[in-house]
Amino acid sequence: MRIIAIRRDGRFSPNCLEKDRAILEAASREACKHFEEKGDSCQFRWIDERDLKPSDEAEIYLSMARLPEALSILEAFERKGRRVVNRPNGVRNCQRSRLQRLMLENDLPMPDSSLVFPVWLKRGDGAAQSEGDVVFCADETAFQQAMNAFEQRGVADYVVSRHVAGDVVKFYGVGDHFFRYFYPTDDGDTKFGDEMRHNGPAQHYAFDAEQMKKDVNRLAGLTGLEVYGGDCIVRPDGSYCIIDFNDWPSFSRCRDEAAKAIVQLAIYN
């Protein structure tokens with residue numbers, strides 16, 4: 001059994017490089033352990049996504065890749081019947097502009113996109129690569145400044161989301177059998193600190209966690225993602241909306257448990 005683990009390019013792991021590497025390492029160990037316990041030989045390799053080549057043959061790819069070139073190569077492996085987690089098309093569907101359309105068309109809970117302040121301006125052509133890709137705009141002046149900054153950086157694809165007050169809830173999922181959620185302000189472990197600055201500490205408002213799981217699983221199915229995560233805002237009345245959804249998060253709060261779930265999915269699904 002040949003297994004290749006594909007490391008995400010550092011630009012896609014702002015403030016999370018070590019955590020992203022850690023979950024991939026944990027899943028890789030679990031995969032090798034699985035086959036060794038069955039008495040099967042296992043050949044394992046690490047590859048950075050920018051170094052992936054069409055000649056890098058394997059039966060299973062545990063991939064955090066996002067670069068277009070790497071995704072195209074992985075698609076070719078899929079056409080050969082190889083197992084790729086996450087699937088390239090699912091990763092592409094996580095571009096914010098695509099996600100926003102997909103959620104709107106399928107009536108999933110999401111923030112309003114009208115320009116009523118305060119709002120968030122977010123890069124739409126991919127996941128955030130820096131703090132400047134997700135900007136809180138309290139008023140028209142701040143919004144125009146943020147738009148000018150996007151234009152200067154050549155970012156033409158963007159989305160606008162109205163700010164939602166409430167508890168920030170971070171979720172992690174694998175297929176439809178693994179789902180966990182946490183409050184990032186409880187442990188202070190946040191990527192850019194935006195949760196604490198603009199939503200404050202979690203008040204732990206009551207909400208329907210089973211319904212949130214169903215909504216998140218439905219979004220995962222619509223995108224084609226199998227390993228995913230994101231953020232919701234839970235309002236004081238218990239209603240919620242999904243504000244972020246992305247491929248293969250760090251699972252930093254449930255890494256070992258998630259690694260086992262990822263390997264089971266890669267091998268048996």
Side-chain angles (χ1 to χ4, degrees), residues 1-32 42-99 102 123-130 133 155 157 172-175 178 191 219-230 244-252 255 258-259 261-267 269:
M1 177 62 64
R2 294 171 297 177
I3 302 172
I4 292 179
I6 303 170
R7 290 180 288 233
R8 180 174 292 158
D9 194 85
R11 78 188 76 171
F12 301 119
S13 295
N15 299 339
C16 286
L17 183 60
E18 291 183 3
K19 292 177 183 177
D20 282 353
R21 296 280 171 90
I23 179 58
L24 189 59
E25 289 172 2
S28 302
R29 286 194 302 270
E30 282 294 327
C32 292
C42 180
Q43 298 177 7
F44 175 80
R45 292 176 60 199
W46 287 101
I47 296 180
D48 291 333
E49 65 169 307
R50 62 180 174 274
D51 296 327
L52 184 67
K53 299 179 178 61
S55 58
D56 291 318
E57 296 277 356
E59 281 68 52
I60 295 176
Y61 298 85
L62 300 175
S63 172
M64 299 184 86
R66 288 178 176 170
L67 290 173
E69 299 83 1
L71 295 179
S72 294
I73 292 172
L74 290 169
E75 276 186 325
F77 289 138
E78 275 194 311
R79 289 193 290 271
K80 294 181 179 180
R82 309 299 166 79
R83 186 69 168 104
V84 182
V85 179
N86 271 311
R87 294 189 170 106
N89 192 56
V91 176
R92 291 194 186 97
N93 284 333
C94 274
Q95 292 181 358
R96 280 198 174 95
S97 53
R98 291 189 186 185
L99 270 176
L102 195 62
R123 182 174 187 151
D125 59 353
Q129 299 179 32
S130 69
D133 288 340
V155 178
D157 187 353
Y172 303 104
V174 179
F178 179 92
K191 184 180 291 187
L219 180 55
L222 289 166
T223 60
L225 275 187
E226 297 177 285
V227 181
Y228 52 87
D244 194 21
F245 187 78
N246 52 74
D247 59 292
W248 205 317
S250 67
F251 292 93
S252 57
R255 183 179 299 130
I262 291 167
V263 170
Q264 289 298 308
L265 178 141
I267 294 172
N269 290 63

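All residue numbers in this chain count up from 1 along the given sequence.
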Item to check | Residue pair Arg87, Glu75: steps toward the salt bridge (Lys or Arg N to Asp or Glu O under 4.0 Å) verdict | outcome: CA-CA 8 Å; Arg87 294 189 170 106; Glu75 276 186 325; over 6 Å; no
Item to check | Where Glu78 and Pro88 come nearest, the two heavy atoms and their spacing | outcome: OE1-CD, 3.3 Å
Item to check | Separation of Gln95 CD from Arg98 CZ (nearest 0.5 Å) | outcome: 4.5 Å
Checklist entry - So how far is it from Asp56 CG to Ile6 CD1, rounded to the nearest 0.5 Å? => result 8.0 Å
Next on the checklist: On a heavy-atom basis, which atom in Val155 and which in Arg123 lie closest, and how many Å separate them?
Outcome noted: CG1-CG, 3.9 Å
Checklist outcome for this item: Nearest heavy-atom contact between Ala220 and Phe245 is CA-CZ, 3.7 Å
Next on the checklist: Please check: side-chain N/O of Glu49 versus main-chain N/O of Asp9, any donor-acceptor pairing under 3.5 Å?
Outcome noted: yes
Checklist entry - Are the side chains of Val85 and Met64 in touch, meaning some heavy atoms are under 4.5 Å apart? => result no
Item to check | Intermediate values then yes/no, side chain to side chain contact (heavy atoms under 4.5 Å, CB included), Gln43 and Ile3 | outcome: CA-CA 6 Å; Gln43 298 177 7; Ile3 302 172; over 6 Å; no
Item to check | Any donor-acceptor N or O pair under 3.5 Å, side chains Ser250, Asp20 | outcome: no
Next on the checklist: If I compare all heavy atoms of Trp248 with all of Ser63, which pair ends up nearest, and what's the gap?
Outcome noted: CE3-O, 3.3 Å
Checklist entry - Taking Tyr228 for the side chain and Thr223 for the main chain, is one N or O donor matched with an acceptor at less than 3.5 Å? => result no
Checklist entry - Considering all heavy atoms of both residues, which atom of Leu62 and which atom of Leu24 are nearest to each other, and what is their separation? => result O-CD1, 3.6 Å
Next on the checklist: Tell me if a side-chain donor or acceptor on Glu226 pairs with a main-chain N or O of Val174 at a distance below 3.5 Å.
Outcome noted: no
Item to check | Verdict with reasoning, Arg96 to Asp244, per salt bridge (Lys or Arg N to Asp or Glu O under 4.0 Å) | outcome: CA-CA 8 Å; Arg96 280 198 174 95; Asp244 194 21; 3.5 Å; yes
Item to check | Heavy-atom side-chain contact between Arg29 and Cys32 under 4.5 Å | outcome: no
Checklist entry - With no hydrogens and no angle check, is any side-chain donor or acceptor of Glu59 less than 3.5 Å from a backbone partner on Arg2? => result yes
Checklist entry - Is Asn86 reaching over with its side chain to a backbone N or O of Val227, donor-acceptor style, under 3.5 angstrom? => result yes
Checklist entry - Got a sec, which residues hit salt bridge (charged side-chain N to carboxylate O under 4.0 Å, His left out) with Asp51, two or more places apart in sequence or on another chain? => result none
Checklist entry - Taking the side chain from Asn269 and the backbone from Ala266, do they hold a donor-acceptor pair closer than 3.5 Å? => result no
Checklist entry - Looking only at heavy atoms, which two atoms of Leu99 and Leu219 are closest? And how far apart? => result CD2-CD1, 4.1 Å
Item to check | Derivation of the side chain to side chain contact (heavy atoms under 4.5 Å, CB included) call for Phe12 and Leu67 | outcome: CA-CA 9 Å; Phe12 301 119; Leu67 290 173; 3.7 Å; yes
Next on the checklist: Any salt bridge linking Asp247 with Arg8? Criterion: basic side-chain nitrogen under 4.0 Å from a carboxylate oxygen.
Outcome noted: yes
Checklist entry - If you round to the nearest 0.5 Å, how far is SG of Cys42 from CD1 of Ile60? => result 8.0 Å
Checklist entry - Nearest 0.5 Å, what's the CZ-OH distance between Arg45 and Tyr61? => result 9.0 Å
Checklist entry - Between the side chain of Glu69 and the main-chain N/O of Arg50, is any donor-acceptor distance below 3.5 Å? => result no
Item to check | Straight-line distance of Ser28 OG to Phe44 CZ, nearest 0.5 Å | outcome: 3.5 Å
Checklist entry - Can you list the residues that meet the side chain to side chain donor-acceptor pair (under 3.5 Å) rule with Ser72, with sequence neighbours excluded? => result none
Next on the checklist: Assess the residue pair Glu25 and Trp46 against the criterion (side chain to side chain contact (heavy atoms under 4.5 Å, CB included)); give the C-alpha distance rounded to whole Å, side-chain angles, the decisive distance to 0.1 Å, and a yes or no.
Outcome noted: CA-CA 9 Å; Glu25 289 172 2; Trp46 287 101; 3.3 Å; yes
Checklist outcome for this item: d(Arg79 CZ, Leu74 CG) to nearest 0.5 Å is 11.0 Å
Item to check | Salt bridge Glu57-Arg82, side-chain N to carboxylate O under 4.0 Å | outcome: yes
